[in-house]
2 protein chains.
Amino acid sequence: MDAYQAVDGFDALGDPTRRAIVACLAERPRAVGELADVLPISRPAVSQHLKVLKDAGLVTDRAAGTRRVYRLNPAGVAALRDQLETFWNRALDSYQDVVEQPNEEKS
Amino acid sequence: MDAYQAVDGFDALGDPTRRAIVACLAERPRAVGELADVLPISRPAVSQHLKVLKDAGLVTDRAAGTRRVYRLNPAGVAALRDQLETFWNRALDSYQDVVEQPNEEKS
DNA sequence: GGCATCCGTAAGTCGTAGCTTACCGTTCGT
DNA sequence: ACGAACGGTAAGCTACGACTTACGGATGCC
């Protein structure tokens, strides 16, 4: 089983349309046509986005007759969440050094 | 307290170079030149990336003489983490409905 | 003051991501 | 078996993002 993801999950979530798809699939599994019906893009475009999300391990698909139902992959989402968690923890450690320094900035 | 974010945080993390910057800043705050010295791109390119990350609320900057020190913003990172957490929870709820259904096609 | 350092912005080029239409394979219904 | 519905892929076009060099402003040191 190839648990390797061809593209980084954050690359996949970098596109707003794909985030919309993820948000839509978070509610419930959907077929490609259902997603295309909701989104303002064509069905092939949705299919291409789903391919990216699938390669990133963020969604899984299941054949159901002529339709293909996609649903969110909690494991893939959790992987990204954990990565942010790591950044968050390390940032707090960096805080320890500069906690006394006010943040001044001018735009 | 949170100011309005011009760009989505996931858009900012969609670029691998910006993820490298975030990972670098997670270890410790750095100046622009320090980041450019590590990364395989020019200093202006780093500066442009930092602008995007700043607009996304992922980093903050602080003037230190002629140098400008950037550091990770834990609040911004936490916001993205929480959003993934929401997706994760909703996906598990979706699981509850279809976990017992190998084929939900009705006849 | 004069100069060097550090950094942000402007202008321009180039690669590629995202969208479309067109086409083909697969599956179900009758 | 034939046609319709559903969806993945190919080819092509367009727009935008990422990078570069060049320049100017701000700060610090001598």
Side-chain angles (χ1 to χ4, degrees), chain A residues 5-25 28-56 58-71 101-107, chain B residues 5-25 29-56 58-71 102-107:
Chain A
Q5 37 201 15
V7 294
D8 191 282
F10 286 111
D11 277 326
L13 289 183
D15 182 74
T17 301
R18 281 196 287 268
R19 283 197 299 275
I21 292 177
V22 167
C24 197
L25 292 180
R28 60 176 154 159
R30 307 243 193 183
V32 180
E34 298 180 64
L35 291 171
D37 191 45
V38 174
L39 299 169
I41 57 176
S42 67
R43 183 193 51 74
V46 174
S47 200
Q48 293 165 4
H49 281 306
L50 286 171
K51 177 181 177 61
V52 175
L53 290 172
K54 183 180 177 183
D55 288 344
L58 291 176
V59 302
T60 57
D61 58 339
R62 181 174 61 87
T66 62
R67 308 197 317 172
R68 186 158 275 261
V69 179
Y70 283 79
R71 63 174 169 76
Q101 302 176 1
N103 180 6
E104 65 169 73
E105 97 181 44
K106 33 195 113 166
S107 299
Chain B
Q5 315 187 32
V7 295
D8 191 283
F10 287 111
D11 277 327
L13 288 184
D15 181 74
T17 300
R18 281 195 288 269
R19 283 197 299 276
I21 292 176
V22 167
C24 197
L25 292 180
R30 306 244 193 182
V32 180
E34 296 182 64
L35 291 171
D37 190 44
V38 174
L39 299 169
I41 57 178
S42 67
R43 185 193 50 74
V46 174
S47 200
Q48 293 165 5
H49 282 306
L50 287 171
K51 177 181 176 62
V52 175
L53 290 171
K54 183 181 176 182
D55 288 343
L58 291 176
V59 301
T60 58
D61 57 339
R62 181 174 60 87
T66 62
R67 309 196 318 170
R68 185 157 275 260
V69 178
Y70 284 79
R71 62 175 169 78
N103 187 354
E104 98 284 358
E105 197 71 14
K106 9 181 122 152
S107 45

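Below, read A as the first sequence line, B as the second, and so on, with proteins coming before strands; counting in each chain starts at 1.
You'll find that the side chain of Arg67(B) is closest to dC6(C), out of dA22(D), dC6(C), dC19(C). Closest to the side chain of Ala31(A), out of dG7(D), dC19(C), dG8(C), is dG7(D). Looking at the side chain of Arg18(B), the nearest of the listed nucleotides dT21(C), dA18(D), dT9(C) is dA18(D). Comparing dG8(C), dT20(D), dA18(D) against the side chain of His49(B) picks out dA18(D) as the nearest. In this structure, the nucleotide among dG8(D), dC7(C), dG8(C) sitting nearest to the side chain of Tyr70(A) is dG8(D). When distances are taken from the side chain of Pro44(B) to each of dA22(D), dA18(D), dT9(D), the shortest belongs to dA22(D).
Using a 4.0 Å cut-off, some side-chain N or O of Thr17(B) falls inside it from OP1 or OP2 of dC19(D). Remark: Ser47(A) is in phosphate contact with dG8(D), judged by side-chain N or O atoms under 4.0 Å from OP1 or OP2.
When each of Leu25(A), Leu53(A), Ile21(A), Thr60(A) is paired with Tyr70(A), the side-chain contact (heavy atoms from CB on, under 4.5 Å) condition holds for Leu25(A) and for no other.
Atom CZ of Arg43(B) and atom C1' of dT21(D) are 11 Å apart (whole Å). With rounding to whole Å, Asp37(A) atom CG is found 15 Å from dG7(D) atom C1'. Rounding to whole angstrom units, CD of residue Gln48(B) and P of dT9(C) are separated by 9 Å. Rounding to whole angstrom units, NZ of residue Lys51(A) and P of dG18(C) are separated by 14 Å. Atoms CG (Asp11(B)) and P (dA17(C)) sit 15 Å apart, rounded to a whole Å. Rounded to whole angstrom, the span from the CG atom of Asp15(A) across to the C1' atom of dA15(D) amounts to 13 Å. For the pair Ile41(A) CD1 and dT21(C) P, the interatomic distance rounds to 12 Å; values are reported in whole Å. Atom CZ of Phe10(B) is separated from atom C1' of dA17(C) by 20 Å (rounded to the nearest Å).
With values rounded to the nearest 0.5 angstrom, His49(A) atom NE2 is found 11.0 Å from Arg19(A) atom CZ.
Between Leu13(A) and Val22(A), some side-chain heavy-atom pair lies under the 4.5 Å cut-off. Looking only at side-chain heavy atoms (C-beta outward), Leu50(B) and Leu35(B) come within less than 4.5 Å of each other.
Comparing Asp61(A) and Thr66(B), the nucleotide of DNA chain D nearest to each residue sits closer to the 5' end for Asp61(A).
In plain terms, the two heavy atoms of Pro29(A) and Val69(A) that are nearest each other are CB-CG1, 3.7 Å.
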